[in-house]
Structures are given as structure tokens and as C-alpha cells.
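Each remark here refers to the structure printed beneath this line.
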There are 2 protein chains.
Amino acid sequence: MHQDFESILKSSGQSVTKPRRAVFDALTRADSPLKNGEIAKLTPSIDRASVYRTLELFAKLGITTTTIRGWTPFTELAEPFKPHHHHMICERCGVVEEIESDTLEDMLTILASRHHFTLRSHTVELSGVCASCSKNLPQPTSL
Amino acid sequence: MHQDFESILKSSGQSVTKPRRAVFDALTRADSPLKNGEIAKLTPSIDRASVYRTLELFAKLGITTTTIRGWTPFTELAEPFKPHHHHMICERCGVVEEIESDTLEDMLTILASRHHFTLRSHTVELSGVCASCSKNLPQPTSL
DNA sequence: TATATATTGCGAAAAAGTCGCAATATTATA
DNA sequence: TATAATATTGCGACTTTTTCGCAATATATA
């Protein structure tokens, strides 16, 4: 696992450094996407600026993917460190389930090609109400 | 159009105020999603704090949708003020095309129900290389 | 038009993100 | 394994973005 990570860095001419390992480890240990600030807190020995620079590099190299929730970006490991997936989030209780669908993936590729685009990456975020919340709270929460 | 907007506010027990109208107007005039800061600049007579509060309210009421590009959230009007769509962004030149597909929408609903979720909203963002960029720049840009 | 209440603007402050540069770590080479 | 060339870091200062409490004001209802 680590081996692959370091290979990606090296094969793209990047150094393997302590901050990069620390950020990668934090993301590996996390079981769900993290905010930038959370990553920084999980790597207290690393300067904030380096965390940001690392995150920017990881995004460029495709090591991570970032999605948004509310106004906040959340980052997690991408393939090959984590199987490709999307998120289904319950807007009541916040539970996050991972979604995989080859059919969806194929459709997105086709959609892109209809627009004469070569698809390189994508994000899909679904938001709704999970089964247990719709049982327990039949009335939508008021504002 | 405005009528609908004010109806949404009133029917959910919210007041129709100057800041809310200003933010809505700014989003209406924009032809593409805006950053929070851009919205604030387009509404100079409105205090920044009120712009943020308004944006938060709009999101809750489903008046707007927010997607991410890089690490920055972009907001635009949602249905019924703008037809439902998604984005296909060229990572080379930045051009944004709007994507619509009923088949995609249906599939997302089905995917959600497989997870026993009731789908309420979703975002799909595709990123890739547009036709003209893949002609002009056959070699991927290096880091 | 008066009253109750929701919302605003203000001021201040916290949080998030960025930048230049000297010091340091990493890599490649001998 | 030591050295030189270079990439990267940490630091410190700074800018930008976002949040908060509260008195003043605008809005909605009767």
C-alpha cells in the first residue's frame, strides 16, 4: 500500500517526504472523507502550509479526490488506495454510505463523449433520507 | 420568476428582505455558478454576514445548489429557477458545459433506493478534456 | 397603523488559506 | 557512503473567508 503511494510520487518526479507520508497516513486511517482542517489537526507535527501544499499535490496526482458537503470540501484517498465509489448522505442523521455502480460509471463516460469530452474524473454526491430516519421522523424537520 | 422566489420564502415562514432579493438577483443575472465572494461583490450594499446567512438559507430551502471546483464552492440557482443540470468541465481550458440526462436522473434515484434512501438532491460534476483541447494539446500537461 | 418578531448591519474575532525565503531534507551521482 | 544539486519544508506574516453577538431596523400580522 505504502509502496504504491511512494511509487506514484517517485514516478512523477516528486520526493517522498515526512509531510507527504503523514498526510497520506492520516487519510489512510480515516474511514471517511476529511476536511482540510481535520487533516491538519491529525498531523500536528506538520506545518499547515505544508499540509495544504501536499493536499494540492495529491489532488494533481490523483492520489485523492475531493467532494463538497455544504460549503466544506472533504478529501479522501482515491484509487488505487480506495475502491472507486460515491457517497449517499442522509440529510437527517448524517450517515454516509458508499455507492458503487459500474452502470453509472459507464453512463457518465457516454454522457461525456456526447459532449465530445474525454472523461478524466468525476464526482457524484447523493443526498436524501435514510430508511431509519424516514421511519422515525415521518415529518420533515422544519427550518 | 421573482414571484416564485418570494412564494418559496413566504410559504416556509421566511421574510422577503432586501438582502435576500439582492442575492437572488445576483444569482439570476449570473450565467454560471458563483463563488461566495463573487456574490458578495455583486451585492455591495449588503453586509457580508447577511450574504452568508442568505446563502445558507437558500441552500436549506433548495433555492440554490452548490458544487465544488478545486477546493472552492460555487453556488447557482436550482430548480425551478434554472433547469436541472450538471456540469462537464474541461480541465485544460476551463470551459463548462451543462449536462442534462433523464436516464442519469432515473439511475440515481434507483441507486438511492437500493440503499433504502429517498433521494432528495444530488450533484454530478464531470471533469475531462474537451474536443478542441485534445486536438491542440495531444500531450498531457506535465506537472 | 401598532406590535411582535425576524432579520439586518456592525464590529470584532476566529478560521482558513497563501506567500516568500532561509534552513533542511531528499535525491542522484560519484 | 559522502557530496552536490535541488526540491521541499517550516516559519512568520499576511490576506481572505467565515462566523458571532447584539442593538438597530425592517417585515409581517392583526
Side-chain angles (χ1 to χ4, degrees), chain A residues 2-3 5-27 30 33-61 63-64 66-76 141-143, chain B residues 2-27 33-61 63-64 66-75 142-143:
Chain A
H2 265 214
Q3 193 43 55
F5 158 65
E6 304 195 351
S7 302
I8 290 179
L9 286 179
K10 286 181 180 169
S11 65
S12 53
Q14 303 293 322
S15 303
V16 177
T17 67
K18 188 183 164 194
R20 290 170 187 174
R21 267 193 290 252
V23 169
F24 183 83
D25 286 348
L27 290 169
L34 299 175
K35 300 183 199 184
N36 291 346
E38 292 173 333
I39 295 168
K41 277 176 199 156
L42 289 170
T43 55
S45 65
I46 309 302
D47 189 79
R48 237 202 340 281
S50 296
V51 172
Y52 281 105
R53 288 185 285 231
T54 297
L55 253 13
E56 196 179 346
L57 175 68
F58 282 8
K60 270 192 203 163
L61 295 177
I63 293 173
T64 56
T66 299
T67 55
I68 197 172
R69 236 169 267 172
W71 288 342
T72 309
F74 285 76
T75 299
E76 67 185 324
T141 55
S142 67
L143 286 177
Chain B
H2 264 214
Q3 192 45 52
D4 280 355
F5 158 65
E6 303 194 353
S7 303
I8 290 179
L9 286 180
K10 286 178 179 169
S11 66
S12 52
Q14 303 293 322
S15 305
V16 178
T17 66
K18 188 183 163 194
R20 290 169 187 177
R21 268 193 290 254
V23 169
F24 183 82
D25 286 349
L27 290 169
L34 300 174
K35 299 182 201 186
N36 292 345
E38 292 173 332
I39 295 167
K41 277 176 196 154
L42 289 170
T43 56
S45 66
I46 309 302
D47 188 78
R48 243 203 328 282
S50 296
V51 173
Y52 280 104
R53 287 185 283 231
T54 297
L55 254 13
E56 195 179 348
L57 176 67
F58 283 8
K60 270 192 202 163
L61 294 177
I63 292 172
T64 55
T66 299
T67 54
I68 197 172
R69 240 170 264 171
W71 286 343
T72 308
F74 285 76
T75 299
S142 67
L143 284 180

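Values reported hereafter were calculated over all heavy atoms of this structure, with side chains retained and with hydrogens, waters and symmetry mates removed. Please read all numbers here as calculations on a predicted model, not as lab measurements.
- Taking atom CZ of residue F74(A) and atom P of nucleotide dA16(C), one finds them 11 Å apart after rounding to whole Å.
- For R48(B), the CZ atom counts as loosely surrounded, since its 6.0 Å shell holds 12 or fewer non-hydrogen atoms of other residues, nucleotides or ligands.
- For the pair L61(A) CG and dT8(D) P, the computed distance is 10 Å after rounding to whole Å.
- A salt bridge does not link R20(B) with E6(B): none of the charged nitrogens is closer than 4.0 Å to a carboxylate oxygen.
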Applying side chain to side chain contact (heavy atoms under 4.5 Å, CB included), run through F74(B) and I68(B) and close with a yes or a no. CA-CA 6 Å; F74(B) 285 76; I68(B) 197 172; over 6 Å; no
Can you give me the N/O atom pairs linking the protein to nucleotides 12-22 of chain D at distances under 3.5 Å, or say none if there are none?
from    : atom 1 : to     : atom 2 : distance (Å)
dT18(D) : OP1    : N36(B) : ND2    : 3.3
dT18(D) : OP2    : Y52(B) : OH     : 2.0
dT18(D) : O5'    : Y52(B) : OH     : 3.1

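- Using cut-offs of 30° and 60° for the angle between ring planes, the F24(A) and F58(A) rings count as perpendicular.
- Distance, L9(B) CG to dA6(C) P: 15 Å, rounded to whole Å.
- Residues satisfying the side chain to side chain contact (heavy atoms under 4.5 Å, CB included) criterion with K41(B), sequence neighbours excluded, are absent altogether.
- With dT8(C), dA7(D), dA28(D) as the candidates, the nucleotide lying closest to the side chain of P19(B) is dT8(C).
- Applying the 4.0 Å criterion to OP1 and OP2 of dA6(C), one finds that Q14(B) has every side-chain N and O outside that range.
- Surrounding CD of E38(B) are more than 12 heavy atoms belonging to other residues, nucleotides or ligands, all under 6.0 Å away.
- We find that CD of E38(A) is positioned 12 Å from P of dG17(C), with the value rounded to whole Å.
- For K60(A) and dT8(D), the NZ to P distance is 10 Å, given to the nearest whole Å.
- One can place CG of L55(A) at 14 Å from C1' of dT18(C), the figure rounded to the nearest angstrom.
- Considering only side-chain N and O atoms, R20(B) lies under 4.0 angstrom from the phosphate OP1 or OP2 of dT8(C).
- The residue among T54(A) and V16(B) whose nearest nucleotide of DNA chain D is located toward the 5' end is T54(A).
- Look at CD1 on I46(A): it is 8 Å from P on dT9(D), rounded to the nearest Å.
- T75(B) and T66(B) form a side-chain donor-acceptor contact under 3.5 Å, judged by distance and modelled atom types alone.
- Toward the 5′ end of DNA chain C lies the nearest nucleotide of S50(B), the other residue of the pair T17(A) and S50(B) mapping further downstream.
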